[in-house]
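Worksheet: one structure, shown below.
As the structure is a prediction and not an experimental result, all values here were calculated from the model. Sequence positions, counted from 1, serve as the residue numbers for this chain.
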Amino acid sequence: MTRTSPAPSRRSRMPRAALLGAGALLLMTALAACSRDGAQGSLNRVVSTAGLNVTSNVRYGPDVRNVMDVYAPQNARSAPVVLFIHGGSWESGDKDGHKFVGESLARAGYVTAVMSYRLAPANRYPSYVQDAAQALKVLREKAGPLGGNPQNVFVMGHSAGGFNAVEVVDNARWLAEADVPVSAIRGVIGVAGPYSYDFRQFSSAKAFPVGATPDEVMPDRHVRADAPPHLLLVAENDDTVYPQNALNMEAALKRAGVPVTRTVLPKLNHITIIAAMARPLTFLGGTRQAVIDFIEAHRLP
């Protein structure tokens, strides 16, 4: 890589390294926190939305959590649209804690909605998946005025949100119920998602109906043949969601003839794989670049 300016001295590099380290600590602390206000405050010190058009609390349903924030480049016109769905074992988290994802993707040129959804145990499967479908419907309806193309949509999620993103597209029931054509979805991005596991053995069982089985709810059992291409990102050191989830999901997609790329990102864990989406934290790993490369490969011209 050719330098366009002299290399900074060791002395000048140290404050930047310290700043990045502090930013990483703030962001990872915020991601691990369940407090909405704590996460919001920490993330606001890491990223800035200056120069972006931000539309807050776009409502897509009647529940208090049926809202999303949309981050768009200034003067965006017919840009790709991304819906991002947060994680939290279906029991915690919200859109405010993931502002860094919206900012990061908007800086890449995409109109990006970061949604909240109804939480378990009060709202079990498929409530949160139906929320994703409704959010997609409203996002497509509003895409034009926001600078996006409603026929050029990507769905992305982390952890439990990765489950939601894959399930809402791959199970033909949910898009049909929301009157969203699968042809409008150009790709699905799952980041460390639990797509294929026996939830009955884990505390996350409370996110699913009593008596339900994996065959009834897991996305790898629901793959439609006309699903769009998928990117499944796996953290090499993930001890929260086991890599077998992505292996099973990849196999199911291949059996259905759906294009899929499974990428294992080295040195990352369940938290840092999504933290690396933040522009100040890309030194953690390759999440952001992998997502952008996938969108650019599958977007409409």
* Are the aromatic ring centres of H158 and H98 under 6.0 angstrom apart? -> no
* Asked: When H222 is tested against each of R173, E167, E216 for side chain to side chain donor-acceptor pair (under 3.5 Å), which residue passes?
  -> E167
* Asked: Is S196 reaching over with its side chain to a backbone N or O of N248, donor-acceptor style, under 3.5 angstrom?
  -> no
* Asked: Is any side-chain N of the basic residue among E236 and K267 closer than 4.0 Å to the acidic one's carboxylate O?
  -> no
List, one per line, each side-chain donor-acceptor pair under 3.5 Å for residues 179-193, sequence neighbours excluded.
from: R186; atom 1: NE; to: H298; atom 2: O; distance (Å): 2.9
from: R186; atom 1: NH2; to: H298; atom 2: O; distance (Å): 3.1

* Can D170 and R224 be counted as an ion pair, charged N to O under 4.0 angstrom? -> no
* Asked: Just wondering, more than 12 heavy atoms not from Y197 lying within 6.0 Å of its OH?
  -> yes
* Does a side-chain N-to-carboxylate-O contact under 4.0 Å join D215 and R221? -> yes
* Evaluate ring-ring contact (aromatic ring centres under 6.0 Å, His included) for Y117 paired with W90, printing each intermediate quantity in order. => CA-CA 9 Å; Y117 53 86; W90 300 282; 8.7 Å; no
* To do: Using the side chain to side chain contact (heavy atoms under 4.5 Å, CB included) rule, take I85 and F163 through it: C-alpha gap first, then chi angles, then the decisive distance, then the call.
  => CA-CA 9 Å; I85 311 172; F163 172 106; over 6 Å; no
* Asked: Rounded to the nearest 0.5 Å, what separation is found between the CZ atom of R59 and the CZ atom of R65?
  -> 11.5 Å
* Is there side-chain contact between E91 and P121, with heavy atoms separated by less than 4.5 Å? -> yes
* Validation row: M277, V291 side chains within 4.5 angstrom (heavy atoms) -> yes
